[in-house]
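The analysis underlying the following values was restricted to heavy atoms, covering all of them including side chains, and did not include hydrogens, waters or symmetry mates. Since the model is a prediction, treat every value here as computed from it, not as a measurement.
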Amino acid sequence: MDLVSQSRCHGGVQSVWRHSSAACGGEMTFGVFLPPQAAQRPVPALWYLSGLTCTHENAMTKAGLQAHAARQGLALIFPDTSPRGAGVADDAAYDLGQGAGFYLNATREPWRQHYRMYDYIVEELRALVEAELPLSRVHGITGHSMGGHGALTIAFRNAAIYRSVSAFAPIVNPTRSDWGRKQMSAYLGDDEADWAAYDACLVLAEQGWAGEVLIDQGADDQFLPLLRPEAMAKLLAERRQPGMLRLQAGYDHSYFFVASFGEDHVRWHAERLAAA
């Protein structure tokens with residue numbers, strides 16, 4: 001890990017790191033907030049996965065989560081959304097290629113060499129930060145939009161690692177959305193059976209989730225037809241899955257929405273991680 005920047009923040013430390021990634025075949029950058037409590041003991045980690053077109057910086061600078069995490073004694077991990085660099089495949093569209101990794105392991109050309117964000121988050125980066133930073137092995141995960149999709153699917157598939165999960169305006173049913181079908185076809189091929197592992201609704205229906213789920217969705221979100229919250233609401237009711245999907249009147253898809261409910265989510269994770 002090479003230190004890129006470091007700043008005092010809410011009594012803790014906000015830093016940015018760069019490292020060589022075997023999973024993504026190149027250099028990756030990520031942000032970390034360590035709360036004041038990390039100076040005395042290892043602390044639980046809350047992962048925040050960002051959405052389309054974002055980098056590690058968006059939530060780090062716009063969501064205001066550090067103040068809440070400092071009060072609760074949680075570290076925050078802000079990964080990038082995709083591999084990057086001159087040798088990494090890209091596309092002219094904003095919703096494919098660099099900035100649009102969709103937190104999956106690509107199997108098709110030209111994407112499969114670098115686009116292995118699922119392995120990067122679940123295995124490589126987690127092992128790195130556990131080894132190098134004062135973190136306990138207790139993790140929660142959240143995210144926004146494409147990152148909410150990533151948080152839900154990663155948590156549901158790895159319940160032994162992630163003890164809590166939430167999401168802001170997630171793409172919950174990408175196999176039935178234009179934010180999903182396009183990308184999965186490109187990254188994984190045309191066999192839709194290969195897409196199921198990266199659809200939160202399908203994974204939850206297949207495997208369930210032992211804990212609770214918290215999802216906040218802006219009722220005035222301009223991307224509602226692509227996010228399909230009604231599919232998740234129906235599934236939560238059918239499975240009698242503990243948790244909440246809250247429609248927030250007047251809120252859109254922006255980081256103003258995330259910042260407005262960030263304290264609720266950090267507290268939600270802190271309560272569950274403390275009990276883990």
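Taking E27 as the reference, R18 meet the salt bridge (charged side-chain N to carboxylate O under 4.0 Å, His left out) condition, with sequence neighbours excluded. Residues forming a salt bridge (charged side-chain N to carboxylate O under 4.0 Å, His left out) with E132 (at least two apart in sequence, or on another chain): none. With sequence neighbours left out, W179 forms a ring pair (Phe, Tyr, Trp, His ring centres under 6.0 Å) with F223. Residues passing the salt bridge (charged side-chain N to carboxylate O under 4.0 Å, His left out) test with D264 are R246, R267, sequence neighbours excluded. In this structure F102 satisfies the ring pair (Phe, Tyr, Trp, His ring centres under 6.0 Å) test together with H149, sequence neighbours excluded. Listed by chain and number, the residues in a ring pair (Phe, Tyr, Trp, His ring centres under 6.0 Å) with H144 are H253, Y255 (sequence neighbours excluded). Take F261 and apply the ring pair (Phe, Tyr, Trp, His ring centres under 6.0 Å) test, not counting sequence neighbours, and it matches Y251, F257. By the salt bridge (charged side-chain N to carboxylate O under 4.0 Å, His left out) test, D80 pairs with R84, sequence neighbours left out. By the side-chain contact (heavy atoms from CB on, under 4.5 Å) test, R163 pairs with V138, L273, A276, sequence neighbours left out. By the side-chain contact (heavy atoms from CB on, under 4.5 Å) test, D2 is found to be paired with no residue, residues two or more places apart in sequence or in another chain being considered.
For E206, the CD atom counts as loosely surrounded, since its 6.0 Å shell holds 12 or fewer non-hydrogen atoms of other residues, nucleotides or ligands. By the 6.0 Å contact criterion, OH on Y94 is enclosed, its count of non-hydrogen atoms from other residues, nucleotides or ligands being greater than 12. Atom CG of D220 sits in a crowded spot, with more than 12 heavy atoms from other residues, nucleotides or ligands closer than 6.0 Å.
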Distance-only criterion, 3.5 Å: show the donor-acceptor pairs between side-chain atoms of residues 8-16 and protein atoms not counting sequence neighbours.
from : atom 1 : to  : atom 2 : distance (Å)
R8   : NH2    : G11 : O      : 3.0
Q14  : OE1    : Q66 : NE2    : 2.9
Q14  : NE2    : V32 : O      : 3.1
S15  : OG     : W17 : NE1    : 2.8
S15  : OG     : V32 : O      : 3.4

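Nearest approach of V172 to R228, heavy atoms of both residues: CG2-O, 3.0 Å.
Between the side chains of E130 and H139, at least one donor-acceptor pair of N or O atoms lies under 3.5 Å. Q222 and D252 are not linked by any side-chain donor-acceptor pair at a separation below 3.5 angstrom, with hydrogens and angles left out of the test. Between the side chains of H265 and S166, at least one donor N or O sits under 3.5 Å from an acceptor N or O.
Counting only residues at least two apart or on different chains, the salt bridge (charged side-chain N to carboxylate O under 4.0 Å, His left out) pairs with a member in residues 66-76 are R71-E263.
With Y103 as the partner, the side-chain contact (heavy atoms from CB on, under 4.5 Å) test is satisfied by one option alone out of T153, V122, I121, L152: I121.
Between W111 and Y187, the ring-plane angle classifies as perpendicular under the 30° and 60° cut-offs.
A salt bridge does not link R126 to E123: none of the charged side-chain nitrogens sits closer than 4.0 Å to a carboxylate oxygen.
The cationic group of R157 does not satisfy the cation-pi geometry with Y162, failing either the under 6.0 Å distance to the six-membered ring centre or the 45° limit from the ring axis.
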